[in-house]
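Everything on this sheet refers to the single structure shown next.
Keep in mind that what you see is a predicted model, and the values were worked out from it rather than measured. All residue numbers refer to positions in the sequence shown, counting from 1.
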Amino acid sequence: MANPPTLPISDHSGGGGSQPQQTVSAPAFRTFLSRLSSSIRQSLSQRRPWLELVDRSAISRPDSLTDAYSRIRRNLPYFKVNYVTIVSLVLALSLLSHPLSLLVLICLFGSWIFLYLFRPSDQPLVILGRTFSDRETLGVLVILTIVVVFLTSVGSLLTSALMIGLGIVCLHGAFRVPEDLFLDDQEPANTGLLSFLSGAATSAAVAAASTPVSGRV
């Protein structure tokens, strides 16, 4: 008597399966990018006209250091988006003039994205046949970040670019007469230079927290 035909059964347990391992949680990553993009667009909508920023009729030398400091404090919340844009452009130009440093930063950022932040927690990280726990992965990434930022030319490049950008901002803020500037009613006068980035940072934190982290410590 002939044996009944055997039905093929596919094994989805992951042991030697043909499907590639997912290295990043795609939905969480898309949510992160969407929220970050939305926050940046909303923040950039608060940008002041550039012609108002470079209005020569409103430029004058401050009478004293106290006057310069007072002007900076009043100009910062009004031109905060423009100022951050200037600092970002200085950083971008500095990195573009040093392609190797730019490549190192991109690789470092990609390592955080694909190896830790948005990697599914139920899939261990395996490199060269060795399995790394989340604590080990985090430790390696932290050490790698410290080495890149503080022990290579990347850190000095970023520091120099930030100092130049902040110097431009402070110089403009000290010489720009703020008497004709009026903040919107809903915008507090003591808003800091980087406060408009809080929305994007909050969105990034929420998106990162939405990824499965049950297996992480």
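The two residues Leu115 and Thr137 have their closest heavy-atom pair at O-CG2, 3.6 Å. Heavy atoms only, all atoms of each residue included: Arg176 and Glu52 are closest at NH2-O, 3.2 Å. When all heavy atoms of Arg71 and Pro62 are compared, the closest pair comes out as NH1-N, 3.7 Å. Taking all atoms of both residues into account, the shortest heavy-atom contact from Leu102 to Leu95 is CB-O, 3.7 Å. Residues Leu105 and Leu158 share a closest heavy-atom pair of CD1-CD2, 4.0 Å. In terms of heavy-atom proximity, His98 sits nearest to Ser94 at ND1-O, 3.0 Å.
No donor-acceptor pair under 3.5 Å is formed between the side chain of His172 and the backbone N or O of Tyr83. Looking at Ser70, its side chain never comes within 3.5 Å of a backbone N or O of Thr66 through a donor-acceptor pair. Using a distance-only test at 3.5 Å, with no hydrogens or angles considered, no donor-acceptor pair links the side chain of Arg48 to the main chain of Leu53.
In this structure, the side chains of Val169 and Val84 stay at 4.5 Å or more apart for every pair of heavy atoms. Trp50 has its side chain out of reach of Val54: every pair of non-hydrogen atoms, C-beta onward, lies at least 4.5 Å apart. The shortest side-chain heavy-atom distance between Leu89 and Ile168 does not fall under the 4.5 Å cut-off. Between Val142 and Trp112, the closest side-chain pair of non-hydrogen atoms falls below 4.5 Å. Proximity of Leu162 to Val87: side-chain heavy atoms (C-beta onward) are separated by under 4.5 Å at one or more points.
With hydrophobic clusters built from ILVMFWY side chains whose heavy atoms lie under 4.5 angstrom apart, Ile146 does not share a cluster with Val140. Each of Val147 and Leu103 belongs to its own hydrophobic cluster when Ile, Leu, Val, Met, Phe, Trp and Tyr are linked at side-chain heavy-atom distances under 4.5 angstrom. If you chain together hydrophobic residues whose side chains sit under 4.5 Å apart, Met163 and Val90 never meet in one group.
A distance of 7.5 Å separates OG in Ser60 from CG in Asp67, rounded to the nearest 0.5 Å. Considering CG of Leu166 and CD1 of Ile86, their distance stands at 11.0 Å, rounded to 0.5 Å. Once rounded to the nearest 0.5 Å, the distance linking SG of Cys170 with CG of Asn75 reads 11.0 Å. Atoms CG and CD1, from Leu151 and Ile143 in turn, are 11.5 Å apart once rounded to the nearest 0.5 Å. Interatomic distance, Ser88 OG to Leu93 CG, rounded to the nearest 0.5 Å: 11.0 Å.
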Candidate pair Val104 and Val148, rule side-chain contact (heavy atoms from CB on, under 4.5 Å), full reasoning | CA-CA 8 Å; Val104 170; Val148 169; 3.6 Å; yes

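Within 6.0 Å of atom CG in Leu96, more than 12 heavy atoms from other residues, nucleotides or ligands are found, so the atom counts as buried in its surroundings.
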